[in-house]
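Reminder, nothing fancy here: chain letters follow the sequence lines and each chain counts from 1. The analysis underlying the following values was restricted to heavy atoms, covering all of them including side chains, and did not include hydrogens, waters or symmetry mates.
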Protein chains: 2
Amino acid sequence: MALDHAILVSLLEKPGSGYELARRFERSIGYFWTATHQQIYRVLGRMVADGLLLVREVEQQGRPDKKEYSVAGPGRAALAAWLHKPIEPESLRHDLAVKIRGAAFDDPAALIDEVERHRQAHRDRLAHYLAGELRDFTGPDAPAPQDAGQELQHVVLRGGIAYERMTIAWLDDVLATLHRLEAAGPGA
Amino acid sequence: MALDHAILVSLLEKPGSGYELARRFERSIGYFWTATHQQIYRVLGRMVADGLLLVREVEQQGRPDKKEYSVAGPGRAALAAWLHKPIEPESLRHDLAVKIRGAAFDDPAALIDEVERHRQAHRDRLAHYLAGELRDFTGPDAPAPQDAGQELQHVVLRGGIAYERMTIAWLDDVLATLHRLEAAGPGA
DNA sequence: TAGCTCATGTAACGAGTTACATGATTCG
DNA sequence: CGAATCATGTAACTCGTTACATGAGCTA
């Protein structure tokens, strides 16, 4: 049920509409949590009904009207309660690793293209994170005196960067292994 | 629907009962996919009904009888089809990162214990993986002439090891950040 | 006028979690 | 005698994904 909490954090950082939240889940919050707009609208409705969020109709010019959500007192309390409750360290969920092990029962070399595609996707994501870091934290135009929120956002982003770097290095290892198996011949 | 495929891979590596599969999902397969016994029994039932798996009743002495599952022809074909179909690179799902960003709206120092607990859990997991690597791949008793299956299992394990190392280093970074914020005082 | 962005939703289904439930054997 | 291991399941619920659905304005 961490989507609720991710939404609370995002709305505390800045109130916004369901649509805007969906976009944030493709960007900053999306570094560590994903959600589609369908899911978000459903959860927003429930959280308003439960009194965790407030809604405000905002009329706009040249665009459809929107509903702006913000965190109500009980929402803030719910987040605080969750922050003080220990959670279990999660484990990985990695489809590609299943494929790699499965390749032993098929043609390992056939996986090379797929792994290269994934590596490229991770390279792109890394470039995107690094650009964001430069823009928001380490560049010349970044706000110099960092408050706690900034520091915490930055350390989370560094986690995303470390994850992408590690993944790219591992995929290089996977590719080297697949090439070695290919060279050894199908049957060795 | 990767649980189906993880089960196919595991049963191709070695046939076994639902109970045994559940244990493997706490160990080797669990490096990159988790599942509880409830989920496993449900999926096994469906896969047998769909003709992907075969079951055999095995009588045992001193223990309850068990059902041994193995992969049928169509199961192998289903795995091959999945292997040849591209999948999208996944993104992270990391509760702890949500908490870290949320800490800006509570007391960041209160998170220190929690983060240390997580770091210890990842240290334990890393030690466990390294022991497995020594036993099965790099130690003196490991099988010397590695076949494709062995090589692929090893590269996946190396991925798990790299992930744990990266995570531990990142959590150190997080802890340093939290300590810095604590020293700067609650309000800075 | 065709496609993109902004904006909000419903419905159906599949996947994952939590709680409940049973029962034999082995080891201390 | 109690706890752990081996062994199998059901039921209820929540979460996540996919498909469907609408409509205004702006831009090439």
Ionic contact status for B/Arg180 with A/Glu151, cut-off 4.0 Å: yes

side-chain N/O B/Ser17 vs D/dC6 OP1/OP2, d < 4.0 Å: no

Whole angstrom value for the distance that separates P of C/dG14 from NE2 of B/His5: 14 Å

Closest to side chain of B/Gln38, choosing from C/dA19, C/dG16, D/dA7: C/dA19

Nearest-angstrom distance from the residue atom CG of B/Asp65 to C1' of C/dT22: 15 Å

Residue met sooner reading DNA chain C from 5', once A/Arg42 and B/Thr36 are mapped to nucleotides: A/Arg42

Rounded interatomic separation in angstrom, taking CD1 from B/Ile40 and P from D/dG9: 12 Å

Atom-pair distance (CZ on B/Arg63; P on C/dT25), nearest Å: 13 Å

Whole-Å distance separating the CG atom of A/Asp50 from the P atom of D/dT14: 11 Å

Partner of B/Leu21 by side-chain contact (heavy atoms from CB on, under 4.5 Å), out of B/Ile29, B/Ile7, B/Val43: B/Ile7

A/Tyr19 side-chain proximity, nearest of D/dT8, C/dG9, C/dT5: C/dT5

A/Arg93 side chain, from C-beta outward: closest of D/dC6, D/dG16, C/dG16: C/dG16

Sugar-phosphate only, base, or nothing, as touched by A/Thr34 at under 4.0 Å among non-hydrogen atoms: nothing

5'-most by nearest nucleotide on DNA chain D - A/Ala2 or B/Glu20: B/Glu20

Residue from B/Lys67, B/Lys66, B/Lys14 passing salt bridge (Lys or Arg N to Asp or Glu O under 4.0 Å) with B/Glu20: B/Lys66

Hphob cluster co-occupancy, A/Leu171 + B/Leu92, side-chain heavy atoms under 4.5 angstrom: no

Below 4.0 Å: OP1/OP2 of D/dA7 and any side-chain N or O of B/Arg23: no

Shortest non-hydrogen separation from B/Gln150 to B/Phe137 and the atoms involved: O-CE2, 3.4 Å

B/His37 side-chain proximity, nearest of D/dT8, C/dA7, C/dG16: D/dT8

Separation of atom CD in A/Glu26 from atom P in C/dT5, rounded to whole Å: 10 Å

Spacing between B/Gln39 atom CD and C/dA19 atom C1', to the nearest angstrom: 15 Å

B/Tyr41 OH to C/dG16 P, straight-line distance once rounded to whole Å: 18 Å

Options C/dG9, D/dG16, D/dC6, nucleotide nearest the side-chain atoms of A/Trp33: D/dG16

Given C/dT8, D/dC6, C/dG16, the nucleotide with the shortest approach to the side chain of B/Pro64: D/dC6

